[in-house]
There are 2 protein chains.
Amino acid sequence: MTPDDMMPVAVDAETALAGAPPGHKDELRLWLRLLTCATLIEGEIRTRLRRDFDTTLPRFDLLAALDRAPAGLTLGDVSRRMMVSNGNVTGLATRLEAEGLVERRARLGDRRAQMLRLTAKGKREFARQSAAHEGWVAELLGGLEPADRAALFRLLGQAKGSVRAALSPEETP
Amino acid sequence: MTPDDMMPVAVDAETALAGAPPGHKDELRLWLRLLTCATLIEGEIRTRLRRDFDTTLPRFDLLAALDRAPAGLTLGDVSRRMMVSNGNVTGLATRLEAEGLVERRARLGDRRAQMLRLTAKGKREFARQSAAHEGWVAELLGGLEPADRAALFRLLGQAKGSVRAALSPEETP
DNA sequence: ACCCGATAGTTTAGGCTTCAAAGATTGGCG
DNA sequence: CGCCAATCTTTGAAGCCTAAACTATCGGGT
């Protein structure tokens with residue numbers, strides 16, 4: 001319960017020259033802006049998925065994961081790719097199965113796992129949704145200069161690297 | 001129900017020279033990377049808020065909004081700032097009130113609205129959480145060169161502008 | 001052959017989130 | 001004054017999400 005010494009935080013190098021209180025305000029502002037962008041886009045996509053296809057983003061994401069893996073995926077695979085919990089996928093898969101978009105089938109030789117695959121209906125449905133989705137994203141980010149878009153893409157890669165690097169030590173003990 | 005002509009999508013100008021199928025893949029890749037970054041960071045912050053303070057991100061965000069407005073905010077104000085629905089804030093406020101971090105009080109002259117304010121305990125609690133939070137973000141994004149961080153910040157501003165521009169026409173009829 | 005740690009999935013409890021509909025109040029207009 | 005449209009909040013139904021506990025199965029070492 002000593003809230004002060006839990007914070008490995010890079011209190012080295014450049015902090016010295018920055019002076020003042022720790023002053024990690026820059027990173028914070030960056031994070032808040034990143035979050036705003038993501039929230040804005042995500043919210044709009046959710047709204048349109050509901051409006052035009054009467055579906056949700058998690059459903060769409062699950063279909064997308066399966067679409068990229070014609071041989072099917074286990075629930076665990078899906079959970080890792082979507083970066084969501086196990087139990088979450090169970091429920092999602094159950095609902096999509098009930099709608100006939102996805103099918104569970106046993107995996108030979110391992111009675112623990114089951115493969116999840118798109119049904120024909122699921123493929124058709126996802127193709128429709130996917131085309132619209134791609135258009136929406138292009139519409140929302142179309143205001144960016146191509147050069148800016150490329151630069152942003154690269155810098156986000158850097159950011160991703162920074163986050164993963166900060167995460168991996170404790171994540172894999 | 002004609003799913004084909006609902007898609008205002010910029011099918012003009014640069015699409016012509018790009019050739020091929022509509023080919024908005026660039027924007028899509030950019031969006032997916034942006035989303036990955038946000039999800040990664042957000043997930044880590046959620047985990048740590050739970051682990052270290054036994055709280056959640058929405059609670060933290062609500063406290064943060066109130067902390068920036070010493071005079072208090074109506075539930076509606078909070079809802080707009082957090083970009084979440086009205087009903088959502090009701091429940092959030094109720095739980096935080098039960099924990100003694102926030103208080104509802106009637107607004108003079110308008111019995112429909114109520115002001116939400118931090119209690120003394122809420123202020124203390126948020127100060128602790130906020131300091132840790134700032135450190136976490138700095139840790140996660142600390143791997144970025146300061147110049148890259150600045151560039152990223154600027155480009156995200158552009159992206160935000162692009163999204164808002166694409167949104168505002170239909171959002172305000 | 002048996003046990004035991006690792007892996008796959010489900011369940012449960014609790015919280016977050018949205019949309020839509022309902023309640024409560026206000027302020028203005030005839 | 002009385003109505004009514006606009007504003008603020010709450011409620012209810014449904015779905016999403018996590019952590020943690022539980023079940024089932026697998027595979028290897030003794």
Side-chain angles (χ1 to χ4, degrees), chain A residues 38-39 42-63 72-99 101-102 104-116 171-173, chain B residues 38-40 42-63 65 72-99 101-102 104-116 173:
Chain A
T39 303
E42 195 174 321
E44 187 62 17
I45 291 177
R46 282 181 197 276
T47 299
R48 295 187 186 191
L49 279 174
R50 180 182 306 274
R51 184 194 63 191
D52 295 350
F53 299 105
D54 192 31
T55 188
T56 66
L57 189 49
R59 279 164 152 94
F60 176 80
D61 285 344
L62 177 29
L63 295 186
L73 295 172
T74 67
L75 297 201
D77 289 336
V78 172
S79 151
R80 275 181 293 278
R81 286 178 204 223
M82 292 179 65
M83 302 197 281
V84 299
S85 69
N86 256 350
N88 192 352
V89 176
T90 295
L92 225 31
T94 301
R95 282 185 291 272
L96 285 172
E97 195 178 21
E99 291 172 20
L101 300 177
V102 145
R104 277 178 164 100
R105 64 172 57 195
R107 186 164 70 173
L108 311 160
D110 189 344
R111 263 176 303 183
R112 290 169 304 177
Q114 35 191 315
M115 299 303 281
L116 223 49
E171 241 46 10
T172 36
Chain B
T39 303
L40 231 40
E42 195 174 321
E44 187 62 17
I45 291 177
R46 281 181 197 277
T47 299
R48 294 188 187 191
L49 279 174
R50 181 183 304 273
R51 184 193 64 190
D52 294 350
F53 298 106
D54 193 31
T55 188
T56 66
L57 189 49
R59 278 164 152 96
F60 175 79
D61 286 342
L62 177 30
L63 296 186
L73 295 172
T74 67
L75 296 202
D77 290 335
V78 173
S79 152
R80 275 180 293 277
R81 287 179 204 224
M82 291 179 66
M83 303 197 281
V84 299
S85 70
N86 258 347
N88 192 348
V89 176
T90 295
L92 225 31
T94 301
R95 283 186 291 271
L96 285 171
E97 195 178 20
E99 293 173 16
L101 300 177
V102 146
R104 276 177 166 100
R105 63 172 58 195
R107 186 163 72 172
L108 311 160
D110 189 345
R111 263 177 302 184
R112 290 170 304 180
Q114 35 192 314
M115 300 302 283
L116 224 48

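Reminder, nothing fancy here: chain letters follow the sequence lines and each chain counts from 1.
Taking only side-chain atoms of A113(B), from C-beta outward, the nucleotide of dT18(C), dG9(C), dC8(D) with the closest atom is dC8(D). Each of dA8(C), dT9(D), dG9(C) was ranked by its minimum atom distance to the side chain of L75(A); first place goes to dG9(C). Which of dG15(D), dC26(D), dG15(C) sits closest to the side chain of T56(B) comes down to dG15(C). Of the candidates dA6(C), dC16(D), dT25(C), dC16(D) carries the atom nearest the R95(A) side chain, counting heavy atoms from C-beta on.
The distance from atom CG of N88(A) to atom C1' of dA14(D) is 15 Å, rounded to the nearest whole Å. Note: CZ (R51(A)) to P (dA20(C)) measures 13 Å, nearest angstrom. Atom P of nucleotide dC16(C) and atom CG of L62(B) are separated by 10 Å, given to the nearest angstrom. When the C1' atom of dA19(D) is taken as reference, atom CG of L49(B) falls 15 Å away, rounded to whole Å. Atom CE in M83(A) sits about 16 Å away from atom C1' in dC16(D), given to the nearest Å. Atom P of nucleotide dG12(D) and atom CG of N86(B) are separated by 16 Å, given to the nearest angstrom. Distance CG (L96(B)) to P (dG15(C)): 12 Å, rounded to an integer number of Å. In this structure, R50(B) places its CZ atom 13 Å from P of dG14(C), rounding to the nearest Å.
Among the protein residues, R46(A) comes within range of no part of the nucleic acid, since none of its heavy atoms lies under 4.0 Å from any strand. Counting any heavy atom pair closer than 4.0 Å across all strands shown, G76(A) reaches sugar-phosphate atoms only and no base atom. Among the atoms of the strands shown, only primed sugar atoms or phosphate atoms (P, OP1, OP2) are found under 4.0 Å from some heavy atom of R59(A).
Taking side-chain N and O atoms only, T47(B) has no distance below 4.0 Å to OP1 or OP2 of dT18(D). Residue R104(A) has no polar side-chain atom (N or O) positioned under 4.0 Å from OP1 or OP2 of dG9(C). A close approach under 4.0 Å does not occur between any side-chain nitrogen or oxygen of T90(A) and OP1 or OP2 of dT11(C).
Counting heavy atoms from C-beta on, the side chains of L101(B) and R59(B) never come closer than 4.5 Å. D61(A) is not listed as a side-chain neighbour of R81(A), based on a closest heavy-atom distance of 4.5 Å or more.
Of the possible polar contacts, one joining the S79(B) side chain to the V84(B) backbone as a donor-acceptor pair under 3.5 Å is found.
For a distance-only test at 3.5 Å, the side chain of R112(B) fails to qualify as a donor-acceptor partner of the base of dT9(D). For a distance-only test at 3.5 Å, the side chain of R111(A) fails to qualify as a donor-acceptor partner of the base of dT25(D).
Heavy-atom minimum distance, M82(B) versus P58(B): CE-O, 3.7 Å.
In summary, E99(A) and R95(A) do not engage in a salt bridge, as defined by a charged side-chain N under 4.0 Å from a carboxylate O.
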